[in-house]
Number of protein chains: 2
Amino acid sequence: MAGKERAGRQPAISRRTGSRTRIVSKEPIHEQILPHIRRDIVLNRWAPDERLPEMELCEEFGVSRTPLRDVLKILEVEGLVTLVPHIGAVVTPLNTPDLAEKLEAMSGLEQISAMKVAELQPPAALKQIKRLHKAMEEAAKNGQTTKYYALNDEFHRAVVLGSGNATVAKMHETVMWHVSRARNYANEREPLNQSAAEHHDAIVDALERGDPEGAARAMREHLAEVIVNVLERVARPAARGGDREIKDSAA
Amino acid sequence: MAGKERAGRQPAISRRTGSRTRIVSKEPIHEQILPHIRRDIVLNRWAPDERLPEMELCEEFGVSRTPLRDVLKILEVEGLVTLVPHIGAVVTPLNTPDLAEKLEAMSGLEQISAMKVAELQPPAALKQIKRLHKAMEEAAKNGQTTKYYALNDEFHRAVVLGSGNATVAKMHETVMWHVSRARNYANEREPLNQSAAEHHDAIVDALERGDPEGAARAMREHLAEVIVNVLERVARPAARGGDREIKDSAA
DNA sequence: TGACGCAAATTCCTATACAATATACGAAAT
DNA sequence: ATTTCGTATATTGTATAGGAATTTGCGTCA
């Protein structure tokens, strides 16, 4: 026992974020640090293509290599990280075709969710969706853009959760991490315009009317517009969001 | 070093399957054994609720705990395995609500894929889909049920891959592992009947016609019928497939 | 029969070691 | 000066040992 360091667990402290997140729960360590590292990637605190050195992360969170490598493995399955043999974990590069693919998947998942909500019309979910819709209108009218964005995310998530399908919800959550990462990278936000408002109206109408195909179509048309905006702002040199730009292809 | 066992890697031999799968590639060990263990679970060689003892699997594949635990972590993200602290890896239990959810997700992913194929009409994919469709008709006419099942799986996979969206394809692949596991558990197979044939016709027609909404609807109606069959055969005591039955709820 | 408690087994994590590979750096050649 | 090459260093992949925490099994006792 000549170890110079004591073996006890240190509190997990993120050097990168500065936040002190003392860990007291008894859940496995990798489950505790996973959300932190994932969040750092989605927020671009680790940039695309950047390497994640094991030892640095071990020190940052005060854990050994074993649970840390667990986290990196999980992040690889989620696609946020790429594990290259003998190089290690690299933040998955951003590129336009992949992003387009993810947006399309997101749209598809929200469409089938909307269809299901319109079909089942679960009262609690409908109520929640209508509440968020109204709050969004209010925020838009008052020019509260930040609040609007948050509500908009909640609105879409509420539709997905409202379908009651945890499998679809999990898929949606995962793909949303990718989309959020790209939008954060380019400082892109949901447009706050007349067209979006009309689309939201149409979606809510179809859900209340119990019109599955109409709900799916309304969601599809809404997201088609969103996708165009995201790809415009993320793939091309941003007008005001700095000079960030992602590669056009990975092939 | 007083280790009584030699440290060199043994060839990976599956005791459970009896198949000798010598591993020579230089890709990481966990990538090599992952497909084997996953396959064993999908084929119910490890039954639902059964524990996967680490040491036993280590010996089976001739690897140490480190890469084996990597595999179990990945399988947990995929949902085929549940990792319980201090108990370890357990094959995820089967239950009707979860299965219904997965079938619904599968249907949704195939719908949006069909929509995309009808929209883009990629020549290679269309050709492949038509080829498989014809081969299925042929197999059905000749009563080649096993061949029919294989072709049917390929048909659905071809539609998903034809959409050209790798993200959706990956989601579909993952959810299909779950569906296959349940069907294998209950010896359930795609019905080979008139209704399914008509649905397949309608799907191919819509794809060739370039009718996205029609393709989605045809796929939806087809899968609605499949889902009813699967749930009937899997959730209830099987008529001829033995006396297997899965729990009705996990809650 | 049922409840309790101890012992054994298993897992989670730490720590360490070594092999395989990548990266960095400097020397040699052009 | 630039490029090429080879060596030294750093990092990762895997193996392994051991302690802490927890579950599981078994035996005892009421």
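Letters go in sequence order (proteins before strands), and every chain restarts at 1. The structure displayed is predicted, hence computed values, not measured ones. All values below come from the heavy atoms of this structure, side chains included, with hydrogens, waters and symmetry mates left out.
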> In whole angstroms, how far is the C1' atom of D:dA15 from the CD atom of B:E54?
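Answer to the nearest Å: 14 Å.
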> Rounding to an integer number of Å, can you tell me how far A:L83 CG sits from C:dT21 P?
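Checked: the CG to P distance equals 17 Å.
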> Please give, in whole Å, the distance from D:dG13 P to B:D70 CG?
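Distance, rounded to whole Å: 9 Å.
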> In this structure, how many angstroms lie between the P atom of D:dT16 and the CD1 atom of B:I29, rounded?
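For the pair B:I29 CD1 and D:dT16 P, the rounded distance is 11 Å.
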> Is any side-chain heavy atom of A:T96 closer than 4.5 Å to one of A:V234?
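They are not in side-chain contact.
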> Taking 4.0 Å as the cut-off, does a side-chain nitrogen or oxygen of A:R69 come that near to OP1 or OP2 on D:dT12?
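Answer is no, no contact under 4.0 Å.
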> Indicate the atoms forming the closest heavy-atom contact of B:P48 with B:P93, along with that distance.
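Closest approach of B:P48 to B:P93, heavy atoms only: CB-CA, 4.3 Å.
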> What's the closest nucleotide to the A:R51 side chain, out of C:dT23, C:dT14, C:dC13?
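Closest nucleotide to the A:R51 side chain: C:dT23.
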> Can you tell me how far P of C:dT10 sits from CD1 of B:I87, to the nearest Å?
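Value for this atom pair: 13 Å.
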> List in chain and number order the residues that pass side-chain contact (heavy atoms from CB on, under 4.5 Å) with B:L151, two or more places apart in sequence or in another chain; answer none if no residue qualifies.
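Partners of B:L151 under the side-chain contact (heavy atoms from CB on, under 4.5 Å) test: B:L132, B:A135, B:M136, B:A139, B:K147, B:E154.
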> So which nucleotide from C:dT14, C:dA20, D:dT16 ends up closest to the side chain of A:P67?
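My answer, after comparing the listed nucleotides, is C:dT14.
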> Without decimals, in angstroms, what is the distance between A:L52 CG and D:dT12 C1'?
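The answer, rounded to whole Å, is 13 Å.
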> Heavy atoms from C-beta onward define the side chain here; which of D:dA15, D:dT12, C:dT14 lies closest to that of A:S64?
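The closest nucleotide is C:dT14.
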> Whole angstrom is fine here: how far is it from CE in B:M55 over to P in D:dA17?
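One finds 10 Å between P of D:dA17 and CE of B:M55, rounded.
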> For B:L68 and C:dT10, what is the distance between atoms CG and C1' respectively, to the nearest whole Å?
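Rounded to the whole Å, the gap is 14 Å.
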> Distance criterion of 3.5 Å, no angle test: do you see the side chain of B:T66 paired donor-to-acceptor with the base of D:dA15?
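Yes.
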> If you take all heavy atoms of B:P67 and B:V63, which pair is closest and at what distance?
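Here B:P67 and B:V63 meet closest at CG-CB, 4.1 Å.
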> When the nearest nucleotide of DNA chain C is assigned to A:H30 and to A:H86 on a heavy-atom basis, which residue is associated with the more 5' position?
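Result of the comparison: A:H30.
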> Does a side-chain N-to-carboxylate-O contact under 4.0 Å join B:E188 and B:R183?
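Salt bridge: yes.
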